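What you are looking at is a predicted structure, and each value in this text was computed from that prediction instead of being measured. Whatever order the structure lists ligands and atoms in, that order sets their numbers, starting from 1.
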Amino acid sequence: MTTADRHYDVIIIGTGAGGGTLAHELATTGKRILVLERGDFLPREKANWSALEVYQKERYHTDEQWIGNDGEPFRPQTGYRVGGNTKVYGAALLRMRERDFTEVVHKGGISPAWELSYQDFEPYYTRAEKLYDVHGQRGSDPTEPPASDRYPYPPVSHEPDMQAIADGISKLGYYPFPLPLGLKLNEGNRLKSPCIRCDTFDGYPCLVEAKADSDVNAIRPARDRHENLTLLTSAKVSRLITGESGREVTGVETEIYGETYLFSADIVVVACGAINSSVLLLRSANDRHPNGLANRSDQVGRNFMKHLAVALVALHLEPNRAGFQKTIAVNDFYWGEPDFPYPMGMVQNTGNVLADMLPAEAPPLMAPLVKLIPHFERELIAERSTGWWLQTEDLPDPDNRARVIDGKVHLNYKLNNTEASDRLIHRWTSVLKTIDRGAMHVIPFSIYPRNQMPVQAVAHQCGTCRFGSDPRTSVLDVNCRAHEVDNLYVVDGSFFPSNSGVNPTLTIMANAIRVGDHLRERLKA
Ligand SMILES: Cc1cc2nc3c(=O)[nH]c(=O)nc-3n(C[C@H](O)[C@H](O)[C@H](O)COP(=O)(O)OP(=O)(O)OC[C@H]3O[C@@H](n4cnc5c(N)ncnc54)[C@H](O)[C@@H]3O)c2cc1C
């Protein structure tokens with residue numbers, strides 16, 4: 001093992017929404033910051049925009065095998081590179097609702113309160129929206145919380161075929177609104193717009209770097225402007241080592257091209273994504289922390305959440321000619337409906353449905369059949385399709401957890417709150433069948449819900465190291481510092497005590513900025 005000859009003020013492990021944002025915030029302190037990222041920069045290549053490569057061949061997913069509920073190995077739909085999962089995310093960046101921070105009764109149980117309120121997060125949401133170029137329209141979402149500033153950019157416009165769908169939804173008395181998106185789009189001057197409104201946005205890396213991800217918007221600018229920030233890629237942290245007392249991380253063991261290095265810092269921040277952060281703590285068990293680092297509460301890895309999510313494809317008689325279809329969102333059922341007074345969740349477009357995505361996206365039983373359909377027929381289906389993403393809150397369950405057994409990652413996840421999700425699927429299917437969209441009628445019986453996303457689909461992973469003030473029931477305090485280790489923080493999706501019905505990432509970014517302010521003060525001391 002090689003011990004680095006330099007001690008850092010801060011080490012940040014991971015460069016995704018949490019780690020990348022925090023690195024950006026702390027770079028301006030002038031402190032010596034080391035960022036360790038197990039992946040490399042994602043290559044810019046034509047395959048970035050290939051549905052075949054991205055969806056069918058899973059080019060950007062890890063080859064790792066984790067073990068599921070049934071004891072069988074599976075390949076998780078996640079990847080390791082600078083920017084983490086934000087390199088491929090759909091960049092739908094929404095604030096949690098005010099009520100989401102309080103205890104909410106769901107049909108399937110209780111969504112616990114956070115110990116901070118929406119008002120505590122509001123200024124950080126505003127800063128996160130600025131950092132990540134969010135385009136949106138205040139006042140258009142019937143459930144949106146109050147905001148202290150406007151969106152930094154106007155909403156992404158609906159192309160005519162999407163506008164027709166939005167108008168059809170409005171005619172039924174609902175309130176479709178422009179989905180808030182983080183991207184670099186200049187609709188006033190398309191010649192100057194990095195974003196070209198292409199059909200390979202959601203799930204794909206952006207070849208022209210117009211997606212606001214944590215590589216392009218946070219890590220690279222921070223590294224380019226601040227010499228005090230050092231980024232090491234292909235640097236996989238394998239273990240955190242504590243000193244005699246067990247109250248301080250004194251070493252960060254890291255594998256770099258087959259060699260083991262030991263780094264040290266005054267403050268160590270784990271930001272590996274909810275599953276890998278808990279796995280790293282569990283792998284770091286030692287005499288003082290026999291159950292895993294900072295795990296006297298036995299909460300590390302537990303309460304893993306990932307949303308109940310269903311992708312649904314509506315087939316039309318006429319082609320949907322919109323080049324960029326991910327523009328509509330609907331929150332009319334977020335808190336339920338008159339005869340179902342429980343939260344149901346959120347509806348939003350997926351990106352465009354492309355021919356080579358159909359086999360990968362079809363329900364498992366249909367997938368082999370879809371593969372047999374000749375490509376030109378798949379093209380015909382794809383161009384007549386509009387994709388929808390239905391997302392319902394799953395509730396924290398201590399038995400839904402990440403674990404390390406015999407060195408392998410095990411992920412146990414049992415669905416809960418399914419009645420709310422079923423209700424949303426049923427409601428949205430009937431809305432799609434009813435709306436009048438001029439020439440774009442939905443073909444009867446042509447709405448294909450995919451099954452609930454399987455365990456592999458860990459895109460919206462969160463929980464596993466919840467924050468709170470009670471060390472018996474939480475892993476982190478409200479500043480995301482481990483209760484049991486004074487210089488250890490976890491700053492990614494792990495800290496969520498509950499998941500809400502909106503996409504998680506703006507909250508992860510806002511929280512990283514919030515913790516960044518706290519650390520800035522601590523570093524002054
Ligand atoms: C296809 C897809 C679409 C999505 N769309 C949306 C969306 O529209 N809106 C939304 O809000 N969210 C979306 N998400 C989810 C979003 O990407 C995540 O919520 C977000 O990236 C999580 O941030 P994080 O910091 O917790 O983890 P990540 O972004 O996963 O970052 C973790 C980082 O840690 C690194 N790492 C892991 N282990 C180690 C280790 N041992 N040593 C060193 N480095 C390590 C990883 O390489 C990675 O860089 C989507 C995700 C996917 C996959």
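Here the OH atom belonging to Tyr89 is positioned 10.5 Å from the CG atom belonging to Asn503, to the nearest 0.5 angstrom. Taking NE2 of His226 as the start and NZ of Lys31 as the end, the distance is 15.0 Å to the nearest 0.5 Å. Between Leu506 atom CG and Leu93 atom CG the span is 5.5 Å, to the nearest 0.5 Å.
For atom 52 (C) of ligand 1, the nearest non-hydrogen atom from the set Ser494, Ala459, Ala235 comes from Ala459. Remark: among candidates Cys462, Ala271, Ala512, the nearest residue to atom 33 (C) of ligand 1 is Ala271, based on non-hydrogen atoms. One option in Ile12, Val237, Asn276 has a heavy atom closer to atom 41 (N) of ligand 1 than any other, and that option is Val237.
Taking a cutoff of 4.0 Å between a charged side-chain nitrogen and a carboxylate oxygen, Lys236 and Glu37 do not qualify as a salt bridge. Using a 4.0 Å cut-off between a side-chain N of Lys or Arg and a carboxylate O of Asp or Glu, Lys46 and Glu53 do not qualify as a salt bridge. Comment: Asp213 does not engage Arg81 in a salt bridge, judged by the lack of any side-chain N to carboxylate O separation of less than 4.0 angstrom. Under a 4.0 Å N-O distance rule, the pair Arg138/Glu129 qualifies as a salt bridge.
In this view, Arg481 and Asp477, Asp486 satisfy the salt bridge (Lys or Arg N to Asp or Glu O under 4.0 Å) rule, not counting sequence neighbours. For the side-chain hydrogen bond (donor to acceptor under 3.5 Å, both in side chains) test, residues two or more places apart in sequence or in another chain that qualify with Lys326 are Asp202.
Where the criterion is an N or O separation shorter than 3.5 Å, residue side chain and backbone included, Val88 fails it with respect to ligand 1. Considering backbone and side-chain N/O of Arg38, one or more are found under 3.5 Å from N/O of ligand 1. Between Gly493 and ligand 1, at least one pair of N/O atoms sits closer than 3.5 Å. For ligand 1, the polar-atom distance check finds no N/O of Gly79 at less than 3.5 Å from any of the ligand's N/O atoms. Polar contact with ligand 1: absent for Gly39 (N/O pair, distance under 3.5 Å).
Of the protein's heavy atoms, Asp492 CB, 3.9 Å lies nearest to atom 24 (P) of ligand 1. Here the heavy atom of the protein found nearest to atom 47 (O) of ligand 1 is Glu37 OE2, 2.6 Å. Scanning all protein heavy atoms for the shortest distance to atom 23 (O) of ligand 1 gives Ala17 CB, 3.3 Å. Protein heavy atom closest to atom 50 (C) of ligand 1, with residue, atom name and distance, is Tyr89 CB, 3.5 Å. Looking only at protein heavy atoms, the nearest one to atom 25 (O) of ligand 1 is Gly18 N, 2.8 Å. In this structure, the protein non-hydrogen atom closest to atom 10 (C) of ligand 1 is Thr505 OG1, 3.0 Å. Among protein heavy atoms, the minimum distance from atom 27 (O) of ligand 1 is reached at Gly273 CA, 3.4 Å. Among all non-hydrogen protein atoms, the one lying nearest atom 9 (N) of ligand 1 is Ala92 O, 2.9 Å.
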